[in-house]
Amino acid sequence: MIRLCAALFCVFGFTLGSWQASLPDLVRDLDMSPLELGLCLTVGFAGALPAMFLGGRLIARFGAKGLLMAGAAGMSLALVGVGCTGSYVVLVPLVLVLLGCQGSFDVAINAVAIAIEQQSGKQILAFMHGAFSLSAAAGALCFGAYRPLGYRVGYFGVAVVLALFVWWMAHRHALPEARSSTAPGAGAESVPRDRRVLLGADVLLVAGIVGVSFLGSGILENWSAIYVRDTVSDLAIISSFGLASFHGAMGLGRVLTSAVLRYVDRLVTIAACGLLMAAAMVWSLFAPGPVQAVGALFIVGILLSGIAPIGFSVAGDLRPDRVGEVSSTVAIAGYASFLVGPVLVGVLADLLGLRAALGSVVVVGVVISLLALLLKGQPRRAPSAHDPVAGRLEGAER
């Protein structure tokens, strides 16, 4: 079952990495401005949020298998549509469908991973997220490899992979399903009505850390390939390699972060990663050549990758008796930031240029460090449920 779960994450990562690697060519082909691309992606992310909420309910009622098949089929059809269209007006609803299906697929694969954790007792989420990031890197590289055939051919290639996945899933038995456990006497009537505990300064600071980190990763995932292609090097393969470098770094960074947390406090780790990330992003923006720029993006990815998972771990310790609710509060802040990033960069790029717009990632790193230091100064309301230095890295998606 663990191998099956890894395959789900790999399919999703490969699809996402290929899509992101295609954006520079799509922008040029349809003659889109940065603002137009930003608006298009924002519409897509806006559709992903309700799809994720609905996906959770569908999984609880019907299981994850059907949602996985429907999400993959929807992504496949949307990619075929993107590959055929030459109109921005048609592209926007296609991206809405594509990102909406990605959101529901994301919820389903994480539900499967959580179910396997519950049944096996093994902590696999961090490994699965690493597999996702490495597969996204592979998708970006593959898209760059067959770009000489025409970048639109890549959409059809990924659509075929997704169609084969749907066929494969149709011949699989039922997948493991996550089950919620309710402690005796912990029914709806016993849940405290006062929810202000979820809006305390400490929870808001964690939500801010996760939200800002999601903002930074969203900006780089959607704009780094365009930046490398238009500003650093006009070679298409370089832009794909830059994006693959970032995703590969995210996968490697999650492994390294879990090792660092054995020796360093979590909030100190977040603060240090934020400042070092800001410095690495400055290096990337002013690098003298493509090799240095891509290398700096790799370092930014490593430093950024562990911030959100650590944030979820800290959030669980802040309210150990209400882990689900506080995790939802933090997750909403994270995913909502995806709505802000594309438009923010699009507007700034139109006004100041893409290099200056990506300077917002430098600000992201500094803000993350400040929030971590402020949170470290907050009094703890509840004792940690486990060793604070060995916090579990889990529950955070891209």
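Predicted model, so just to flag it, every value in this text is computed and none were measured. When reading the values below, keep in mind they use all heavy atoms of this one structure, side chains included, and skip hydrogens, waters and symmetry mates.
Looking at every heavy atom in both residues, Gln292 comes nearest to Ala287 through CB-CB, 3.6 Å. Taking both residues in full, the closest heavy atoms of Ala170 and Lys65 are given as O-NZ, 4.0 Å, listed atom of the first, atom of the second, then distance. The two residues Val43 and Leu96 make their nearest non-hydrogen contact at O-CD1, 3.4 Å. Of all non-hydrogen atoms in Gly100 and Ala51, the two that sit nearest each other are O-CB, 3.3 Å. Of all heavy-atom pairs between Ser369 and Ala271, the closest is OG-O, 2.6 Å. Contact between Gly274 and Ile307 at its shortest, heavy atoms only, is N-CD1, 4.4 Å.
From Ser284, atom OG reaches atom CG of Leu297 across 3.5 Å, with rounding to the nearest 0.5 Å. Atom CG of Leu303 is separated from atom CE of Met281 by 12.5 Å, given to the nearest 0.5 angstrom. Rounding to the nearest 0.5 Å gives a distance of 8.0 Å between CD of Gln102 and CZ of Phe45. In this structure, Ile270 CD1 and Ile310 CD1 are separated by 5.0 Å, a value rounded to the nearest 0.5 Å. The line from CG of Leu162 to OG1 of Thr15 is 4.0 Å long, rounded to the nearest 0.5 Å. Atom SG of residue Cys101 and atom CG of residue Asp106 lie 12.5 Å apart, to the nearest 0.5 angstrom.
Scanning for ring pair (Phe, Tyr, Trp, His ring centres under 6.0 Å) contacts around Phe105 gives Phe12, Phe165, with sequence neighbours left out. Scored by the side chain to side chain contact (heavy atoms under 4.5 Å, CB included) test, Leu54 finds Leu58 as partners (sequence neighbours excluded). Here Asp350 pairs with nothing under the side-chain hydrogen bond (donor to acceptor under 3.5 Å, both in side chains) rule; sequence neighbours left out. Looking at residues two or more places apart in sequence or on another chain, you find a ring pair (Phe, Tyr, Trp, His ring centres under 6.0 Å) between Trp167 and His171.
Across Leu215, Leu41, Leu35, Ile219, a single residue satisfies side-chain contact (heavy atoms from CB on, under 4.5 Å) together with Val345, and that is Ile219.
Look at Arg152 and Asp25 and you find no salt bridge, because none of the NZ, NE, NH1 or NH2 atoms lies under 4.0 Å from a carboxylate O.
Residues Tyr263 and Val268 fall within the same hydrophobic cluster, defined by Ile, Leu, Val, Met, Phe, Trp and Tyr side chains chained together at heavy-atom separations under 4.5 Å. One hydrophobic cluster, built from ILVMFWY side chains closer than 4.5 Å, holds both Leu348 and Val27. Transitive grouping of hydrophobic side chains (ILVMFWY, heavy atoms separated by less than 4.5 Å) keeps Val161 and Phe156 in distinct clusters. Residue Leu39 is grouped with residue Leu30 when hydrophobic side chains (ILVMFWY) are merged at heavy-atom distances under 4.5 angstrom, including chains of intermediate members. Leu91 and Val158 fall within the same hydrophobic cluster, where Ile, Leu, Val, Met, Phe, Trp and Tyr residues are linked whenever their side-chain heavy atoms come under 4.5 Å apart, directly or through other members.
Residues Leu304 and Ser213 form a side-chain contact, since some pair of their non-hydrogen atoms from C-beta on lies under 4.5 Å apart. Between Trp19 and Leu26 the shortest side-chain heavy-atom distance falls below 4.5 Å.
Grouped with Val160 in one hydrophobic cluster are Leu164, the linkage being side-chain heavy-atom contacts under 4.5 Å among Ile, Leu, Val, Met, Phe, Trp and Tyr residues. Side-chain heavy-atom separations under 4.5 angstrom define the hydrophobic clusters, and the remaining members of the one that includes Leu256 are Leu252, Phe298, Ile302. Within the hydrophobic cluster formed by Ile, Leu, Val, Met, Phe, Trp and Tyr side chains joined at under 4.5 Å, directly or through other members, Val366 is accompanied by Leu370.
One N or O on the side chain of Glu36 and one on the backbone of Ser33 form a donor-acceptor pair closer than 3.5 Å.
Within the structure, the side chain to side chain donor-acceptor pair (under 3.5 Å) test picks out no pair touching residues 86-96 (sequence neighbours left out). Screening residues 66-87 for salt bridge (Lys or Arg N to Asp or Glu O under 4.0 Å) gives no qualifying pairs among residues at least two apart or on separate chains.
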Between side-chain atoms of residues 357-365 and protein atoms elsewhere (two or more places apart, or another chain), which donor-acceptor pairs fall under 3.5 Å?
unit_1: Ser360; atom_1: OG; unit_2: Ala357; atom_2: O; d: 2.8

Without placing hydrogens or testing angles, list every side-chain donor-acceptor pair under 3.5 Å for residues 132-143, not counting sequence neighbours.
unit_1: Ser133; atom_1: OG; unit_2: His129; atom_2: O; d: 3.3
unit_1: Ser133; atom_1: OG; unit_2: Arg254; atom_2: NH1; d: 2.8
unit_1: Ser135; atom_1: OG; unit_2: Ala131; atom_2: O; d: 2.9

Would you give me the side-chain donor-acceptor pairs under 3.5 Å for residues 74-82, sequence neighbours excluded?
unit_1: Ser76; atom_1: OG; unit_2: Ala159; atom_2: O; d: 3.0

